[in-house]
Amino acid sequence: MVHRVIDELAGEYEGRIQCFVLNADNDSQIAEEYEIKAVPVVLLFKNGEKQETVVGTMPKEFYAAAIERVLKP
């Protein structure tokens, strides 16, 4: 469910954001580095630094609001 919403948002924000999928089971080192304890989780970065974390399945508008906060100068 979250993957579909993120795919939609990636299209809407094309050229402004990049989206990547991480399998926490296969990439446990990265999951540990960012302290991922639950899935689904969406991490939002700006200039290589984590800015926002959204844990759980949320409405599309919730993710969009988080993206907008990170995109602000």
Side-chain angles (χ1 to χ4, degrees):
M1 182 92 179
V2 172
H3 195 268
R4 180 183 57 79
V5 170
I6 297 302
D7 281 346
E8 288 178 19
L9 288 167
E12 292 172 18
Y13 286 90
E14 187 173 359
R16 297 176 66 201
I17 66 171
Q18 294 179 330
C19 296
F20 303 92
V21 176
L22 170 78
N23 182 321
D25 293 327
N26 295 338
D27 298 305
S28 59
Q29 183 177 351
I30 295 171
E32 287 177 22
E33 181 179 342
Y34 291 103
E35 300 177 354
I36 297 171
K37 307 281 189 235
V39 291
V41 63
V42 174
L43 305 177
L44 300 168
F45 293 80
K46 185 173 189 174
N47 299 323
E49 302 227 0
K50 185 171 70 167
Q51 302 292 312
E52 296 261 349
T53 302
V54 180
V55 179
T57 302
M58 300 295 186
K60 180 179 175 181
E61 296 77 21
F62 193 91
Y63 296 109
I67 291 168
E68 288 294 333
R69 287 191 298 273
V70 171
L71 289 176
K72 283 186 180 178

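We use all heavy atoms of the structure for the numbers below, so side chains are in, but hydrogens, waters and symmetry mates are not. Keep in mind the model is a prediction, meaning the values are calculated, not measured. FYI, the numbering just counts along the sequence from 1.
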task = Go through the steps to decide whether Y63 and E52 satisfy the test side chain to side chain donor-acceptor pair (under 3.5 Å), and finish with yes or no.
result = CA-CA 10 Å; Y63 296 109; E52 296 261 349; over 6 Å; no
key: Passing option when C19 is tested against I6, D7, L9 for side-chain contact (heavy atoms from CB on, under 4.5 Å)   = I6
Heavy atoms of other groups near E68 CD, more than 12 under 6.0 Å = yes
inquiry  = Using 0.5 Å steps for rounding, measure from the CG atom of L22 to the CD1 atom of I30.
reply    = 5.5 Å
request  = Please round to the nearest 0.5 Å and tell me the distance separating atom NZ of K72 and atom CD of Q51.
outcome  = 13.0 Å
message = Under a 4.0 Å threshold between the charged nitrogen and the carboxylate oxygen, would E12 count as salt-bridged to K60?
response = yes
Atom of M1, atom of T57 and distance for their closest heavy-atom approach = CG-CG2, 4.0 Å
Same apolar cluster: M58 and I17, side chain cutoff 4.5 Å = yes
note = Distance col, row I36:CD1 vs L43:CG, nearest 0.5 angstrom, shows 5.0 Å
inquiry  = Can you confirm if the aromatic rings of F20 and F45 lie within a centre distance of less than 6.0 Å?
reply    = no
query = Which pair of non-hydrogen atoms, one from A66 and one from L44, has the smallest distance, and what is that distance?
reply = CB-CD1, 3.4 Å
task = Report yes if some heavy atom in the side chain of V39 is under 4.5 Å from a heavy atom in the side chain of V2; otherwise report no.
result = no
task = Determine whether Y13 and L71 make a side-chain contact, defined as any pair of heavy atoms from C-beta on separated by less than 4.5 Å.
result = yes
query = Among the clusters formed by ILVMFWY side chains lying less than 4.5 Å apart, do Y34 and V42 turn up in the same one?
reply = no
inquiry  = Count I, L, V, M, F, W, Y as connected when their side-chain heavy atoms are under 4.5 Å apart, and connections chain through other members. Are I67 and V54 then in the same cluster?
reply    = yes
ask   = Can you name the salt bridge (Lys or Arg N to Asp or Glu O under 4.0 Å) partners of R4, sequence neighbours left out?
value = E8
